[in-house]
Amino acid sequence: MPNFLKGFNICGGKKVNDKLEQSLLNIDKESFQNDLIDWFEAEQRNLPWRENKDPYRVWVSEIMLQQTRVDTVIPYFNRFIEWFPTLDDFAEADEEKILKAWEGLGYYSRVRNLHSAVKEVKETYNSVVPDSPEEISKLKGVGPYTAGAILSIAYGKPEPAVDGNVMRVLSRILVIDEDIAKPKTRKTFEKAVRALISHENPSAFNQALMELGALICTPGKPACLLCPVQKHCQAFAAGIQTELPVKIQKKKTRDVPIVAAVLKNERDEFLIHKRSSEGLLANLWEFPNYEMHTSIQPKRAFFEASFLESYRTDVKLSDSFTMLDHVFSHLVWKIDAYRGSLLTDIEESVMKEQNLKWVSKEELEQYAFPVSHQKIWKSYQQTYVMD
DNA sequence: CAAACGTGGCT
DNA sequence: TAGCCAAGTTT
C-alpha cells in the first residue's frame with residue numbers, strides 16, 4: 001500500500017465496502033449533483049453526437065469513443081452518420097463499406113460487433129434499440145459501460161456508465177485506492193455511482209462525470225482550482241489528488257519482424273490479401289507479408305520461399321523501399337518492405353481460396369487497410385513516383 | 001482473470 | 001525517446 005494512503009485504509013486487507021460507505025457518507029449528495037450538473041449544462045462541449053438523443057447515434061458514438069479520443073472520433077462520426085443516417089441504413093450496409101467507415105480508427109472488432117448487433121436490433125426489436133439492461137447487454141460489443149451510457153443518455157435511465165474518466169474522477173472525490181486496471185474494481189465504482197446518481201437527470205449526471213474527467217479532472221495535472229466539485233473532493237482536501245487513481249503498470253510490447261511486398265503485374269495491378277476473420281486486424285486487406293520466426297535467413301529469400309509455399313507461385317523481390325515500425329497496444333511490427341513481381345500467374349482457385357485479389361491503384365481505395373499497410377503504400381508511391 | 005485488440009497525441 | 005494515455009469488450 002502506498003504510504004500516502006495509509007490514513008485512508010481502515011484495514012490493510014478487505015473492507016473496501018466499508019471504506020466506500022464511509023466516503024459516501026461524507027458527500028452532500030444533493031449539493032454534489034447540482035454543482036456537477038450545473039457545470040455540465042454551462043460548460044459542455046458541442047459535439048455532433050449531442051445534437052439529439054437518437055439511441056442509434058448515441059450507440060455509434062459510444063462504440064467509437066471506446067479507448068479513442070474525442071478529437072479523433074468527430075470526423076469519423078460525422079462521415080459514419082452521412083453514410084448510414086439510420087439504424088436500418090447501417091444494418092443493410094455490406095461488410096466492405098462498414099470496415100472502410102472504420103479504417104484508421106482501430107479496434108476493428110468494434111465495427112463488426114456493432115454491425116452484428118444492429119442487424120439483431122433490426123430483426124428482433126423492429127429496429128428499436130432496447131431500453132432494458134438485460135436486453136441491451138446481450139448485444140455484441142455492448143459491455144457494462146456502453147449499456148449504461150446508452151440507457152442513461154438516450155433513455156434517461158439511472159444506470160451507471162463507468163469508464164476511465166469516471167473511475168479517475170470518483171477515485172479522487174471518494175479517495176478510492178483500488179487498482180483501476182483490475183476488472184473487479186469497476187464494480188466498486190458502479191456501486192458509488194448508484195449511490196450518487198441523479199434520478200432527475202441521469203443523462204447529465206453521467207456525462208458530467210466524464211466531461212469533468214476530460215476537461216478538469218485530468219490524469220496528469222488536474223485543474224482543481226477550476227473544479228465545480230472541488231468542495232466535495234476528499235482527495236483535494238488531503239492534497240493527494242495527483243496520486244490517484246492507482247493503476248498498475250502495463251506490460252511492454254514485443255517486437256515482431258515482418259517482411260512485406262508490393263507486387264505489381266503487367267497490367268499495373270497490385271496484389272492484396274484479405275486477413276483472417278479472426279484476430280488482429282480481422283477482415284482488413286493488406287499487402288502480402290510474413291512474420292519472420294527465424295531471424296537467421298535473408299528476408300528476401302524468406303519471403304520468396306513463404307510465398308511459393310502459400311500460393312504455389314514463384315515471386316521475385318527486387319529492392320527494399322522502406323523499413324518502418326508500427327506500434328500496436330501489445331506488439332510492434334518491424335516491417336521491411338520490398339518491391340517485386342511474379343514469374344508466373346497464381347492459379348484462379350488459389351486466388352479465391354487464399355483471399356487474394358489484383359486491384360488497380362484506383363480500386364485500392366475501396367478496400368480498408370490497417371494504418372501500417374497504408375504507410376507501406378504511401379512509401380511505395382513516394383519511392384516509385386506513380387502517374 | 002490476464003491478455004488480445006489499434007491508433008495518434010502528449011510528455 | 002519510450003512510455004503513458006483515451007468515453008472498453010471479448011475470450
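Lettering of chains follows the sequences in order, A, B, ..., and the numbering in each one begins at 1. Basis for what follows: all heavy atoms, side chains included, without hydrogens, waters or symmetry-related copies.
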Between C:dT9, B:dT7, B:dC5, which one does the side chain of A:Leu280 approach most closely? B:dC5
Counting only side-chain N and O atoms of A:His326, is one of them less than 4.0 Å from OP1 or OP2 of B:dG6? no
Could you tell me whether the phosphate oxygens of B:dT7, OP1 or OP2, come under 4.0 Å of any side-chain nitrogen or oxygen in A:Thr68? no
Mind calculating the distance between CG (A:Leu65) and C1' (B:dT7) to the nearest angstrom? 14 Å
Which part of the nucleic acid, if any, lies within reach of A:Leu331 when heavy atoms closer than 4.0 Å are counted: base, sugar-phosphate only, or nothing? nothing
Taking atom P in both C:dT11 and B:dG6, what distance in whole Å separates the two? 13 Å
Quick note, A:Val371 side chain, CB onward, closest among B:dT7, B:dA2, B:dG6 is B:dT7
Tell me yes or no: between the side chains of A:Lys299 and A:Ser320, is some donor less than 3.5 Å from an acceptor? no
Using a heavy-atom cut-off of under 4.0 Å over every strand shown, decide if A:Gly279 touches base, sugar-phosphate, or nothing. sugar-phosphate
Establish, from distance only, whether the side-chain atoms of A:Thr86 and A:Asp89 form a donor-acceptor pair under 3.5 Å. yes
Taking atom P of B:dC1 as reference, at what distance in whole Å does atom CZ of A:Arg186 sit? 10 Å
Aromatic ring proximity A:Tyr76/A:Phe80, centre distance under 6.0 Å: no
Which part of the nucleic acid does A:Trp49 contact within heavy-atom distance under 4.0 Å: base, sugar-phosphate only, or nothing? base
Distance, rounded to the nearest Å, where A:Gln67 contributes CD and B:dA3 contributes P: 17 Å
Nearest-neighbour nucleotide for the A:Lys252 side chain, C:dG8, B:dA2, C:dG3 considered: C:dG3
Considering every strand and a 4.0 Å limit on heavy-atom distances, what is the contact class for A:Ser61: base, sugar-phosphate, or nothing? nothing
With sugar-phosphate meaning primed atoms plus P, OP1 and OP2, does A:Val70 contact a base, only sugar-phosphate, or nothing at under 4.0 Å between heavy atoms? base
Between atom CZ in A:Phe369 and atom C1' in B:dT7, what is the gap in whole Å? 18 Å
Round to the nearest Å and state the distance from A:Met167 atom CE to C:dC5 atom C1'. 13 Å
At 4.0 Å (heavy atoms only), tell me whether A:Gly104 reaches a base, stays on the sugar-phosphate, or touches nothing. sugar-phosphate
First encountered from the 5' end of DNA chain B, between A:Lys221 and A:Thr185: A:Thr185
Starting from the 5' end of DNA chain B, give me the residue, A:Lys375 or A:Pro183, whose nearest nucleotide shows up first. A:Pro183
Measure centre to centre between the rings of A:Tyr290 and A:Phe307, then say whether the value is under 6.0 Å. no
Interatomic distance at P, C:dA2 relative to B:dC5, whole Å: 24 Å
Value in whole Å for how far the C1' atom of C:dT9 lies from CH2 of A:Trp59: 14 Å
Got a donor-acceptor pair under 3.5 Å from the side chain of A:Ser329 to the base of B:dG6? yes
Within the structure, does a side-chain N or O atom of A:His330 lie under 4.0 Å from either OP1 or OP2 of B:dA4? no
Comparing A:Leu139 and A:Arg45 on DNA chain C - which has the more 5′ nearest nucleotide: A:Arg45
Any side-chain N or O of A:Tyr107 less than 4.0 Å from the OP1 or OP2 oxygen of C:dT10? no
Return whichever of A:Asp163 or A:Gly141 has its heavy-atom-nearest nucleotide of DNA chain C closer to the 5' end. A:Asp163
Take atom CD1 of A:Ile150 and atom P of C:dG8, then tell me their distance rounded to the nearest Å. 14 Å
Give A:Val166 one of three labels, base, sugar-phosphate or nothing, depending on what nucleic acid heavy atoms sit under 4.0 Å from its own. nothing
So, A:Phe77 versus A:Trp49, ring centres under 6.0 angstrom or not? yes
Give one of base, sugar-phosphate or nothing for A:Leu47, where a contact means two heavy atoms less than 4.0 Å apart. base
Check every strand shown and say whether A:Arg50 touches a base, only sugar-phosphate, or nothing at a heavy-atom separation below 4.0 Å. base
Scan A:Arg168 against the nucleic acid and name what it touches under 4.0 Å (heavy atoms): base, sugar-phosphate only, or nothing. sugar-phosphate
Determine, using ring centers only, whether A:Phe287 and A:Tyr380 are less than 6.0 Å apart. no
Hey, does A:Val262 have a side-chain heavy atom less than 4.5 Å from the side chain of A:Tyr384? no
What is the distance from NZ of A:Lys182 to C1' of C:dT9, rounded to the nearest Å? 18 Å
